[in-house]
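Everything quoted here is computed from the prediction, not taken from an experiment. Below, read A as the first sequence line, B as the second, and so on, with proteins coming before strands; counting in each chain starts at 1.
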There are 2 protein chains.
Amino acid sequence: MNKRYKPIPTIREVAEMAEVGTTTVSRVINGGRNVNRSTLARVQKAIKTLGYVPSQAARTLKGERTKTVGLVIPSINDPFFSSCAKAIDAVAHDHDSLVLVTTTNDDPDTVITGINFMVRHSADGVIVVPAKTENGALSDLLSRLPMPIVLMDRPVKGFEAISVVASNFEGARLATKHLIEHGCKRILCLTGETMLYTLSERIRGYQQVVKSAKYPCMIETSAKNYETTKRALKRAFSGSNPPDAIFTLKNSTTIYAYQALQRLNISMPRPVALLGYDDFDLAEMLSPPISVIQQPIEKIGQTSAEILFKQIQGWNSSDPHFLRQHAKQTVLDVKLIRRRSCGCQV
Amino acid sequence: MNKRYKPIPTIREVAEMAEVGTTTVSRVINGGRNVNRSTLARVQKAIKTLGYVPSQAARTLKGERTKTVGLVIPSINDPFFSSCAKAIDAVAHDHDSLVLVTTTNDDPDTVITGINFMVRHSADGVIVVPAKTENGALSDLLSRLPMPIVLMDRPVKGFEAISVVASNFEGARLATKHLIEHGCKRILCLTGETMLYTLSERIRGYQQVVKSAKYPCMIETSAKNYETTKRALKRAFSGSNPPDAIFTLKNSTTIYAYQALQRLNISMPRPVALLGYDDFDLAEMLSPPISVIQQPIEKIGQTSAEILFKQIQGWNSSDPHFLRQHAKQTVLDVKLIRRRSCGCQV
DNA sequence: ATGAAAGCGCTAACAA
DNA sequence: TTGTTAGCGCTTTCAT
């Protein structure tokens, strides 16, 4: 009893069983227009009996859409990107398409490899989250791309492409100003990374506000994981002039910081306020609940996908102006969610 | 200045530019064996100049692997499945393959559609998380599948396929016994769903233990979201005989329950202990930290993918016994993580 | 309403 | 070492 590979039947076999030409079968699987009712039924029956499924590869070779969109993201695990992916998948579903994913772990070379993979697979379009903003090889590749592309969450410096981002600069300004309103004067900006577009924008926003308030600009960039975050905070609070607020630049950093503060027995919002970038499920269940800048994550994914599909539709259309249907860059607003850790009473 | 669609050049154009035949180009892109050094260089230069990328569709049509694996999962957002997906993506990456994802939202029909999509796209293999265990249409489809398949997290009743699951029954037994060891006698089993394989196995495990201990079997199945969970708990605790422990059957239910207990001012581990199924990032940061049954999530994904790729490799091989290289079912062990909410002192 | 035949880009005999 | 050619499964003129 040896289970063997049972290949999918071809259009030819369906045609033979139904005693028609392959053209007729093709007509049937493409809507059944101009086919006799009885012929139609016969063909459909043959399709069902044989378990026939048309080969996408053959169709692609004929120049049809592949009904796939590529998604090149840093991680599929990260709550931010998996939420984006969810929204993208939903939009793709509406367009009868599948999502081809690959992750880059924020490595620029892997981004290139990933995009090339999408080209090779003739994806109808791609959504890419670039790793670093300055990358010549990436710009080159993007400019030669044979399909539409949308840059998500981070634009590529020096390359004019459609992009969908949140207003990181404004978000950081919002956060910093809010902490200042609470009377904080020594705001520590905590991050483990500075090269990513989003993070550098947030740093810019923070800097602008503290500088114009004439407060010290305290940036700590060593907070890559729990251990390093704890060490950094320990250091900061052992000095003679500890911070009175912490602004963490992303999701995981916020959690590390919260956890470290707990362990170091430093409570919030006094002596130190905490305000994080990115909301997370349990933020309001902690003690105190964490105030955050909330990004419209799903909206970022959804908007990216919607724009991409519009581009795909227009790509071969007769309208020479389809590219102008969208702003080059879509910037989505962020929100301050006031909870307790910043000092708000809610 | 009208940006137009610039199609990828074909092997023919490369051949012409390099002044060789298409076969030679084919040889070059497939390793360059049996090609003159100077010819090789010339062809490679042409490839680079033209930005040539071989068409996967044409290769697929010739019967080659597509270097894609299908992933049909309930949600891409759920921490459990996104972690699985991450591990699968990593394994796929090692095999120079991409992951084609589609989500089913646990709807049986969508599972079928999703798998068919993978067939149409000639994925080399598929990893599927079935929606419900009893589904004739699914068994039919699976038995006709022209590629290897691995069932992840949930088997399909009545269909003998390779599957990779965690020991849900044992996990629930472990949890329930542990609560009993803490002296709990009225253990409320809380869930919002009973039809999924994993959940019904957990219910079975719970039942077996409470029954053999002669304790009441208290199962509440209305906990679908925070509101319904809160309502259910309110009801349970307003009676004359409230539970002294809660065993939540999944991730989100645990969080709803924790949150509801907070709001209802019922503290843990007294008067009620809490033990959840599935670990989550912040479980140890809550007050009290939540004890859980921890599943080897990444391992589930990784194992599924590794088995799938072995199957893919053996699928067309000459070894007629390749199917027996693996147990039909791989069951991975779960662990009890003792924190404070169950009554442990840690 | 139906079918014959060409051709999409590639690989693999088979020739040279 | 290199090229010629057939054909993978499908859609699409163009006939009938």
Enquirer: Which pairs, with at least one residue in residues 40-55 of chain A and sequence neighbours excluded, count as a salt bridge (Lys or Arg N to Asp or Glu O under 4.0 Å)?
Expert: none
Enquirer: Using a 6.0 Å cut-off, check whether atom NE2 of B:H95 has over 12 heavy atoms from anything other than its own residue.
Expert: yes
Enquirer: Taking only residues two or more places apart in sequence, or in another chain, which ones meet B:D89 in a side chain to side chain donor-acceptor pair (under 3.5 Å)?
Expert: A:T103
Enquirer: Taking A:R154 first and then A:D106, would you say they form a salt bridge - that is, a charged N and a carboxylate O separated by under 4.0 Å?
Expert: yes
Enquirer: State, to the nearest 10°, the angle formed by the axis through the first five base pairs of the helix from C:dA1-D:dT16 to C:dA16-D:dT1 and the axis through its last five.
Expert: 40°
Enquirer: Under 4.0 Å from any heavy atom of chain B: name the first and the last nucleotide of DNA chain C that qualifies, 5' to 3'.
Expert: C:dG9 to C:dA13
Enquirer: Mind running a 4.0 Å heavy-atom check of residues 32-40 of chain B against DNA chain D and sending the residues that fall below it, in number order?
Expert: B:N34, B:V35, B:N36, B:T39
Enquirer: Pairs in or reaching into residues 28-62 of chain B: which pass ring pair (Phe, Tyr, Trp, His ring centres under 6.0 Å), with residues at least two apart or in two chains?
Expert: none
Enquirer: Does the side chain of B:E64 reach to within under 4.5 Å of the side chain of B:T60, using non-hydrogen atoms?
Expert: no
Enquirer: Side chain to side chain contact (heavy atoms under 4.5 Å, CB included) with A:T22: which residues, sequence neighbours excluded?
Expert: A:I11, A:R12, A:A15
Enquirer: Can you give the donor-acceptor pairs under 3.5 Å from side chains of residues 30-38 of chain B to other protein atoms, not counting sequence neighbours?
Expert:
residue, atom, partner, partner atom, Å
B:N30, ND2, B:S26, O, 2.7
B:N30, ND2, B:S26, OG, 3.4
B:N36, OD1, B:S38, N, 3.0
B:N36, OD1, B:S38, OG, 3.1

Enquirer: Please report the interatomic distance CD1(B:I162) to OG(B:S304), rounded to the nearest 0.5 Å.
Expert: 10.5 Å
Enquirer: Return the set of residues passing side chain to side chain contact (heavy atoms under 4.5 Å, CB included) with B:S139 (not counting sequence neighbours), or none when no residue passes.
Expert: B:V156, B:F159
Enquirer: Check side chain to side chain contact (heavy atoms under 4.5 Å, CB included) between A:D107 and all other residues, then give those that pass, not counting sequence neighbours.
Expert: A:D109, A:T110
Enquirer: According to side chain to side chain contact (heavy atoms under 4.5 Å, CB included), who are the partners of B:T113, at least two apart in sequence or on a separate chain?
Expert: none
Enquirer: Produce a footprint string for nucleotides 6-16 of chain D: one letter per nucleotide, 5' end first; B if the base is under 4.0 Å from any protein heavy atom, S if only the sugar-phosphate is, - if neither.
Expert: -BBBBBB----
